[in-house]
Amino acid sequence: MTELEAGRAQAVVSVRSGAVLQRYRDVLIALIAFAVLASLPLFTGSKALLDFVIRCCSAYGLFATSLNLLVGYTGLTSFGHGMFFGLGAYSFGLIMQKLGVPIPVAFVATLAVTAVFAAVIGAICVRLKEIYFAFVTLAFQMLIHSTILSWASFTGGDQGLRGGIPRPVFLGIDLSNHVHLYVTSCALLILGLLAMRQIAQSPFGYTLRMIRDNAARASFLGIDVWRAKLTVFVLAALFASMGGMVMALFVSGAYPEFAYWTISGEGIFINMLGGVSTFLGPMVGTVLLLLLNDTVTRFTEYHGIVLGVVILFFALGLRKGLLDFVAEWFSHRRDAGKGR
């Protein structure tokens, strides 16, 4: 082996070792985060706090982070990503009501249904340029929302799924128990975030970044851009569907608002608030938006104006999300420290 070949082999080994260490570190952080969240009921009896974690972090957090796989990592701004949030909630609720299968079976079946819908819709949308992609996804969301409203005999129409969602016990877990539901939601949140983190840090994730920066150059290098976009579109839909299932369990039903275009708008706002260039930016944005919603509505009926001003501050003032701003500030401080 020549010295050059030996150097290349050593570089490859170093990169692989670094990737393995990164993966172990992510798993360790995920375990610590789950332990902290799962132990929260031991230190507080506040049902409102636990509800906030389920609704904010588990449901909307999964949805917003999945949207960032498209927006931040691939450069695909979807105005209709909320359709998969609603599809997950309705599919899970209907499967449980109509078939009465165990919850894990309904969970897997819902993901399968979502994958089929996402593959069909994505095969059409990802061929389009950016602005057309955004509006065609919105058109599909409005189509699904209209179907939910008009098929009242099956979906309950504008009243939503009535009668609640059955929650049979499985593996000793009773989701009718609020603490069990909370811990299960936290587990789904951590598993979902960990899976999306691994996708973002994988070679496929860096391929998505290349497509975002210059799709034509990526194509010239031999990357099947259409297939990569379709794959991430389906993956993002699956994680959004997980958020919808958590929300369906939380409210024990599904409502047309879950598939309305405003859900997608909230996802875009969340990513704007938290940031799209850092992985946890959407989680920070989720907490910010829902805290603002819950706080502002207590003091004024003009909450829309206040939220608009806040969003304008981030868009025109910081020109980036909060976590992006903090990460950039720390980077400048670190670089300045090295220069001394």
Side-chain angles (χ1 to χ4, degrees), residues 15-44 49-73 85 88 103-104 107-108 110-111 170-173 175 179-206 208-209 232 235-247 249-250 267 270-271 274-288 290 321-324 326-327 330:
V15 170
R16 289 179 177 175
S17 299
V20 171
L21 289 175
Q22 176 71 43
R23 187 174 298 113
Y24 283 137
R25 188 181 72 174
D26 290 342
V27 171
L28 178 61
I29 293 173
L31 291 174
I32 293 173
F34 175 71
V36 171
L37 290 173
S39 62
L40 196 59
L42 300 177
F43 300 101
T44 179
L49 178 59
L50 302 186
D51 286 348
F52 181 81
V53 174
I54 296 173
R55 178 173 62 97
C56 170
C57 299
S58 299
Y60 282 100
L62 281 172
F63 166 66
T65 307
S66 70
L67 178 59
N68 195 38
L69 286 179
L70 297 177
V71 177
Y73 290 95
F85 184 85
I103 288 179
F107 187 88
V108 173
T110 300
L111 293 180
F170 67 98
L171 301 176
I173 301 173
L175 294 185
V179 175
H180 285 203
L181 174 62
Y182 169 79
V183 175
T184 302
S185 299
C186 291
L188 290 174
L189 169 67
I190 297 302
L191 288 173
L193 290 179
L194 181 61
M196 284 187 275
R197 173 68 174 175
Q198 299 311 306
I199 291 171
Q201 296 301 114
S202 69
F204 175 68
Y206 284 96
L208 296 178
R209 292 171 175 86
V232 74
L235 289 172
L238 293 177
F239 291 112
S241 179
M242 285 178 58
M245 284 186 272
V246 172
M247 181 60 77
L249 284 169
F250 177 62
I270 284 170
N271 279 273
V276 296
S277 63
T278 51
F279 179 75
L280 291 178
M283 290 299 303
V284 173
T286 302
V287 175
L288 282 175
L290 294 187
L322 180 61
L323 202 58
D324 289 349
V326 172
F330 273 109

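The CZ atom of Phe279 sits 8.5 Å away from the CG atom of Asp26 when rounded to the nearest 0.5 Å. How far CG of Leu189 is from OG of Ser185: 9.0 Å, rounded to the nearest 0.5 Å. With rounding to the nearest 0.5 Å, the separation of OG in Ser277 from CG in Asn68 is 8.5 Å. With values rounded to the nearest 0.5 angstrom, Ile54 atom CD1 is found 7.0 Å from Cys186 atom SG. In this structure, CG on Leu193 lies 12.0 Å from CD1 on Ile29, to the nearest 0.5 angstrom. Residue Leu191 holds its CG atom at 10.5 Å from CE of Met196, rounded to the nearest 0.5 Å.
Pro282 has its side chain out of reach of Leu67: every pair of non-hydrogen atoms, C-beta onward, lies at least 4.5 Å apart. Ile270 is not listed as a side-chain neighbour of Met283, based on a closest heavy-atom distance of 4.5 Å or more. Contact annotation: the side chain of Val232 never approaches that of Tyr73 to less than 4.5 Å [non-hydrogen atoms, C-beta and beyond]. Side-chain atoms of Phe34 and Val183, non-hydrogen and from C-beta on, do get closer than 4.5 Å to each other. Between Phe63 and Met242, every side-chain heavy-atom pair lies at or beyond the 4.5 Å cut-off. In this structure the side chain of Leu280 never reaches within 4.5 angstrom of the side chain of Thr65, judged on heavy atoms. The shortest distance between side-chain heavy atoms of Val287 and Cys56 falls below 4.5 Å. In this structure, Leu40 and Val36 have side chains that are not in contact, with every pair of non-hydrogen atoms separated by 4.5 Å or more.
Listed for the Arg209 side chain is a donor-acceptor partner under 3.5 Å among the backbone atoms of Ala200. Under the 3.5 Å distance criterion, the side-chain polar atoms of Ser241 are left unmatched by any main-chain donor or acceptor of Ala237.
Phe85 and Tyr60 have their aromatic ring centers within a separation under 6.0 angstrom.
Residues Leu37 and Tyr182 come closest through the heavy atom pair O-OH, 2.6 Å. Minimum interatomic distance between Gly172 and His180 (heavy atoms only, all atoms of both residues): O-CE1, 3.8 Å. Shortest non-hydrogen contact noted between Ile190 and Ala33 is CD1-CB, 3.9 Å. Residues Gly88 and Thr110 come closest through the heavy atom pair O-CG2, 3.6 Å.
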**OP:** Output, in order, the C-alpha distance, side-chain angles, deciding distance and verdict of side chain to side chain contact (heavy atoms under 4.5 Å, CB included) for Leu175 and Ile173.
**Re:** CA-CA 6 Å; Leu175 294 185; Ile173 301 173; 3.8 Å; yes
**OP:** Start with the C-alpha distance between Phe239 and Ile199, add both sets of side-chain angles, then the distance that settles side chain to side chain contact (heavy atoms under 4.5 Å, CB included), and finish with yes or no.
**Re:** CA-CA 12 Å; Phe239 291 112; Ile199 291 171; 3.9 Å; yes
**OP:** Tell me, with the steps shown, if Gln22 and Arg197 meet side chain to side chain contact (heavy atoms under 4.5 Å, CB included).
**Re:** CA-CA 10 Å; Gln22 176 71 43; Arg197 173 68 174 175; 3.2 Å; yes
